[in-house]
Amino acid sequence: MTAEPDKNSKSLLVDSSSQSVEPAIPADTVVKKSELVSRAPVSRAPVRKGRFFALRQEIPYWQSLLFGALFLAMIAAVWWGVTRGETAEVRMVSPVVLPSPEETFGELESLWFERELTRNTWASLKRVLLGFSLAAVIGVPVGVLCGCFPWFNAFLAPMTLFGRNIPIAALLPLTFFFFGAAETQKVMFIFVATVAFVIIDTATAVKDVSTRYIDTAYTLGASRLQIIWKVLVPLAMPSVCNSLRLLFGLAFGYIMLAEAVKMGSESGGLGDIIINSQKRGLREPIYLILILIPIVALTIDRLFYWIQRQLFPFQYGGDGILRALLRAISHGLEDLRGLIFRPASVDDVYKRLALESGTGAAVPATSSS
């Protein structure tokens, strides 16, 4: 005589092909979501190691360098192949359009000494650093305010939309009108071209901080200024620094437009070398500058990325050297502030919370030991 199954027990369905056991839940049974997740069979895609076409599979660092070097070698081979030959008649591409690698790099000595390549490179880099630093110093605090207060963001929305959507070349005549054609114009052109992007990216990073951190800070008795300075800004800074690193490369490309005009004996920069070479019909210096600009930009980008990793090791996997240094400085300033100003007591905190909430609740008496 067979025993009847209990009403609370669940029958098991066995798949004959996979031999996996799954519970069959009656329709009138209420099951928690966590129970469904725990009962669901876990199926993981097999990891195919050593296959180049596996989706989103990480590769070692040496393979990344190898594939990058292969791409550069392929470009060099194509360049050499289409410009091969002594005369223009036997070449696939005319030397007027594209000189050969030998002809291009043969002009490097003349570009380095006669046209002062290092001096002009430093002039362009200095203008970008000054203009972009000014954009960061002004744009980051303004972006923090825009992310904290929606009314302030709406107030500046026409300016940020104008700066983000207007063609950058259209701003060049305006900078000539307001700042002339000297060194100030070039720095301010970089500032005007990038400050709107800095404000928007900073405001977005602050808005992306979860509200639960603000609620927790209010629960612990933090003021509005403390929440901005010690909660929102530290949590948003990893994204802000990453955005600044990417925007710097954009600013380095804008300097070519700003250096279209040279005044007096000042260094014309890389843009001036390109414009003068174009006027004289020289192709080799132009290609050399186009090769040099990505190298300089990549070097600076790697330097900024190292700083970014040292400041935010938990986000980007660095050693945290600069983070430890800043924490030591911050703790020293806090200790110095504690020696100058009297720390707020528990009663003062309760009084301030009662005034901010408007309830006028009685301040709880502190227990005396």
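- Taking a 6.0 Å sphere around CE of Met74, one finds it holds more than 12 heavy atoms contributed by other residues, nucleotides or ligands.
- Closest approach of Thr202 to Val140, counting heavy atoms only: CG2-O, 3.4 Å.
- Put simply, the side chain of Leu244 does not reach to within 4.5 Å of the side chain of Phe304, judged on heavy atoms.
- No more than 12 heavy atoms of other residues, nucleotides or ligands sit less than 6.0 Å from atom CD of Glu109.
- For Val96 against Arg283, the heavy-atom pair with the smallest separation is O-NE, 2.9 Å.
- With values rounded to the nearest 0.5 angstrom, Ile286 atom CD1 is found 5.5 Å from Gln278 atom CD.
- Note: Leu246 CG to Leu250 CG = 9.5 Å, rounded to the nearest 0.5 Å.
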Evaluation steps, side chain to side chain contact (heavy atoms under 4.5 Å, CB included), between Asp319 and Gln310: CA-CA 6 Å; Asp319 297 330; Gln310 301 305 319; 3.5 Å; yes
Lys186/Glu259 under salt bridge (Lys or Arg N to Asp or Glu O under 4.0 Å): CA gap, chis, key distance, verdict: CA-CA 7 Å; Lys186 299 172 177 57; Glu259 293 175 343; over 6 Å; no
Intermediate values then yes/no, side chain to side chain contact (heavy atoms under 4.5 Å, CB included), Arg164 and Leu161: CA-CA 5 Å; Arg164 183 179 61 180; Leu161 291 176; 3.0 Å; yes
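- No path of Ile, Leu, Val, Met, Phe, Trp and Tyr side chains, each step under 4.5 Å between heavy atoms, connects Val128 with Val187, placing them in separate hydrophobic clusters.
- For CZ of Arg327, the number of neighbouring non-hydrogen atoms (other residues, nucleotides, ligands) closer than 6.0 Å is 12 at most.
- Side-chain contact check for Val231 versus Leu235: some heavy-atom pair is nearer than 4.5 Å.
- Note on Met159 and Phe197: same hydrophobic cluster, where clusters join Ile, Leu, Val, Met, Phe, Trp and Tyr whose side-chain heavy atoms are under 4.5 Å apart, directly or indirectly.
- In this structure, the side chain of Asn120 does not engage the main chain of Asp272 through any donor-acceptor pair within 3.5 Å.
- Here the side chains of Thr204 and Ile200 are in contact, with some heavy-atom distance below 4.5 Å.
- Not one N or O on the side chain of Asp301 forms a donor-acceptor pair closer than 3.5 Å with the backbone of Ala297.
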Derivation and outcome, side chain to side chain contact (heavy atoms under 4.5 Å, CB included), residues Val192 and Ile168: CA-CA 9 Å; Val192 174; Ile168 301 302; over 6 Å; no
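- Proximity of Arg245 to Arg302: side-chain heavy atoms (C-beta onward) are separated by under 4.5 Å at one or more points.
- Residue Phe314 is not grouped with residue Val209 when hydrophobic side chains (ILVMFWY) are merged at heavy-atom distances under 4.5 angstrom, including chains of intermediate members.
- Residues Pro313 and Gly320 come closest through the heavy atom pair CG-CA, 3.8 Å.
- In this structure, Leu125 CG and Leu130 CG are separated by 9.5 Å, a value rounded to the nearest 0.5 Å.
- From Leu65, atom CG reaches atom CD1 of Ile59 across 9.5 Å, with rounding to the nearest 0.5 Å.
- Heavy-atom contacts from other residues, nucleotides or ligands closer than 6.0 Å to CZ of Phe155 number 12 or fewer.
- Around CG of Leu55, the count of heavy atoms belonging to other residues, nucleotides or ligands within 6.0 Å does not exceed 12.
- The cluster map of Ile, Leu, Val, Met, Phe, Trp and Tyr, joined by side-chain heavy atoms under 4.5 Å apart, puts Ile273 and Phe113 in the same cluster.
- Rounding to the nearest 0.5 Å gives a distance of 14.0 Å between OG of Ser243 and CZ of Phe248.
- A distance of 4.0 Å separates OH of Tyr218 from CD1 of Ile227, quoted to the nearest 0.5 Å.
- Here the side chains of Leu270 and Ile289 are in contact, with some heavy-atom distance below 4.5 Å.
- Arg323 has its side chain out of reach of Leu326: every pair of non-hydrogen atoms, C-beta onward, lies at least 4.5 Å apart.
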Verdict with supporting geometry, Val206 and Cys148, side chain to side chain contact (heavy atoms under 4.5 Å, CB included): CA-CA 7 Å; Val206 174; Cys148 294; 4.0 Å; yes
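- Between Val240 and Asp201 there is no side-chain heavy-atom pair separated by less than 4.5 Å.
- Summarising the local packing, CZ of Phe178 is surrounded by 12 or fewer heavy atoms from other residues, nucleotides or ligands at distances under 6.0 Å.
- A 4.5 Å side-chain heavy-atom check between Leu98 and Tyr287 finds at least one atom pair inside the cut-off.
- Here the closest heavy-atom approach between residue Tyr316 and residue Pro238 is recorded as OH-O, 3.0 Å.
- Minimum interatomic distance between Ile190 and Ala251 (heavy atoms only, all atoms of both residues): CD1-O, 3.6 Å.
- Judged purely by atom type and a 3.5 angstrom limit, Ser277 has no side-chain atom pairing as donor or acceptor with the backbone of Pro285.
- Without hydrogens or angle criteria, Ser210 side chain to Tyr213 main chain gives no donor-acceptor distance under 3.5 Å.
- Of all non-hydrogen atoms in Trp79 and Pro101, the two that sit nearest each other are CD2-CG, 3.7 Å.
- The neighbour count for Gln63 CD, taken as heavy atoms of other residues, nucleotides or ligands under 6.0 Å away, is above 12.
- Using a 4.5 Å cut-off between side-chain heavy atoms of Ile, Leu, Val, Met, Phe, Trp and Tyr, with links allowed through other members, Tyr305 and Leu311 fall into different hydrophobic clusters.
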